[in-house]
Amino acid sequence: MRLPALALATLLALPFAAGAAEPATATIPTYDADLAKSLGADEHGMRPYVLVILKTGPNKMPAGEARTKMFEGHFANMGKLAGEKKLVVAGPLDGKEGRRGIFVFNTPDIEAAKTWVATDPVIINGEMVAEYHKFYGSAALMMVNEVHGKIEKK
């Protein structure tokens, strides 16, 4: 019975005998004034945006070629707006209470966001309607599209 106890004691002592390093400590990022300025960050690292919630609209298009083309246009439009650095983040929601997706736009101006949303085929066809909100969030959101392009396999 002494062998298992000795084996356990030996295993527990190995990290100390091997000169185990101290646990790693998290590095605290240093403030980068140039990056903050390039992202439009205020002193809190934040900036204003417009958040758009896309909700089910009055005209559900039936399954078929027209619906497929409408959604192809929807995704192409998002790509265009992201390429123009207008659309910062977009994605689907779970559909609860008719909420189907979000857009976060690089503007504090709801009227500007409305003109951009009006170019989307799902809005044009009444498949979805948009609800607009002022949103104050991290300026780092401005880097999402660049980073996403590096991690998306296509």
Side-chain angles (χ1 to χ4, degrees), residues 11-12 14-15 18 20-154:
L11 288 174
L12 291 173
L14 280 176
E22 292 290 317
T25 56
T27 58
I28 299 171
T30 57
Y31 176 71
D32 184 332
D34 292 334
L35 179 60
K37 183 178 180 181
S38 74
L39 299 176
D42 64 14
E43 66 274 10
H44 303 290
M46 309 278 277
R47 63 174 292 150
Y49 300 96
V50 171
L51 169 68
V52 178
I53 300 175
L54 298 173
K55 298 168 71 172
T56 298
N59 303 324
K60 180 167 176 57
M61 188 173 289
E65 187 176 335
R67 183 177 179 81
T68 299
K69 286 190 182 290
M70 177 184 65
F71 276 100
E72 286 172 354
H74 170 64
F75 291 110
N77 191 57
M78 286 189 291
K80 175 182 172 287
L81 292 170
E84 294 170 349
K85 300 200 182 301
K86 294 175 182 174
L87 182 61
V88 178
V89 173
L93 294 176
D94 56 17
K96 289 183 181 176
E97 299 178 355
R99 293 183 188 101
R100 296 175 56 185
I102 66 164
F103 292 150
V104 176
F105 283 109
N106 177 16
T107 182
D109 182 10
I110 287 177
E111 293 306 313
K114 285 181 177 181
T115 65
W116 300 337
V117 171
T119 65
D120 196 298
V122 298
I123 299 296
I124 294 165
N125 288 289
E127 175 76 23
M128 296 185 200
V129 294
E131 181 180 287
Y132 299 85
H133 302 273
K134 290 190 176 273
F135 174 63
Y136 181 65
S138 174
L141 287 176
M142 296 299 296
M143 298 180 74
V144 167
N145 287 318
E146 175 188 339
V147 172
H148 184 77
K150 293 177 181 178
I151 62 172
E152 178 186 31
K153 283 188 176 180
K154 302 288 177 196

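Quick caveat, the model's predicted, so the values are computed rather than measured.
- The NZ atom of Lys85 sits 9.5 Å away from atom CG of Asn106, with the distance rounded to the nearest 0.5 Å.
- Looking at residues two or more places apart in sequence or on another chain, you find a side chain to side chain contact (heavy atoms under 4.5 Å, CB included) between Leu93 and Ile53, Arg99, Ile102.
- With sequence neighbours excluded, no residue satisfies salt bridge (Lys or Arg N to Asp or Glu O under 4.0 Å) with Arg47.
- Judged as a salt bridge (Lys or Arg N to Asp or Glu O under 4.0 Å), and not counting sequence neighbours, Lys96 has no contacts.
- Listed by chain and number, the residues in a ring pair (Phe, Tyr, Trp, His ring centres under 6.0 Å) with Phe103 are Phe105 (sequence neighbours excluded).
- Among residues two or more places apart in sequence or in another chain, the side chain to side chain contact (heavy atoms under 4.5 Å, CB included) test is passed with Tyr132 by Val50, Val52, Ile110, Ala113, Lys114, Val117, Ala130.
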Do any side-chain atoms of residues 30-40 form donor-acceptor pairs under 3.5 angstrom with protein atoms, and if so which ones, sequence neighbours left out?
from	atom 1	to	atom 2	distance (Å)
Asp32	OD1	Asp34	N	3.2
Asp32	OD1	Leu35	N	2.9
Ser38	OG	Leu35	O	2.8

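- With sequence neighbours excluded, the residues that form a side chain to side chain donor-acceptor pair (under 3.5 Å) with Lys55 are Glu131.
- With sequence neighbours left out, Lys80 forms a salt bridge (Lys or Arg N to Asp or Glu O under 4.0 Å) with Glu84.
- Nearest approach of Pro121 to Gly73, heavy atoms of both residues: CG-C, 3.6 Å.
- Residue pairs meeting the salt bridge (charged side-chain N to carboxylate O under 4.0 Å, His left out) criterion with at least one member in residues 136-151, sequence neighbours excluded, are Glu146-Lys150.
- Counting only residues at least two apart or on different chains, the side-chain hydrogen bond (donor to acceptor under 3.5 Å, both in side chains) pairs with a member in residues 65-75 are Arg67-Glu127, His74-Asp120.
- The distance from atom NZ of Lys86 to atom CG of Leu81, rounded to the nearest 0.5 Å, is 6.5 Å.
- Residue pairs meeting the side-chain hydrogen bond (donor to acceptor under 3.5 Å, both in side chains) criterion with at least one partner in residues 135-145, sequence neighbours excluded, are Asp42-Tyr136.
- Taking the side chain to side chain donor-acceptor pair (under 3.5 Å) definition, one finds that Thr119 meets it with Asn77, sequence neighbours left out.
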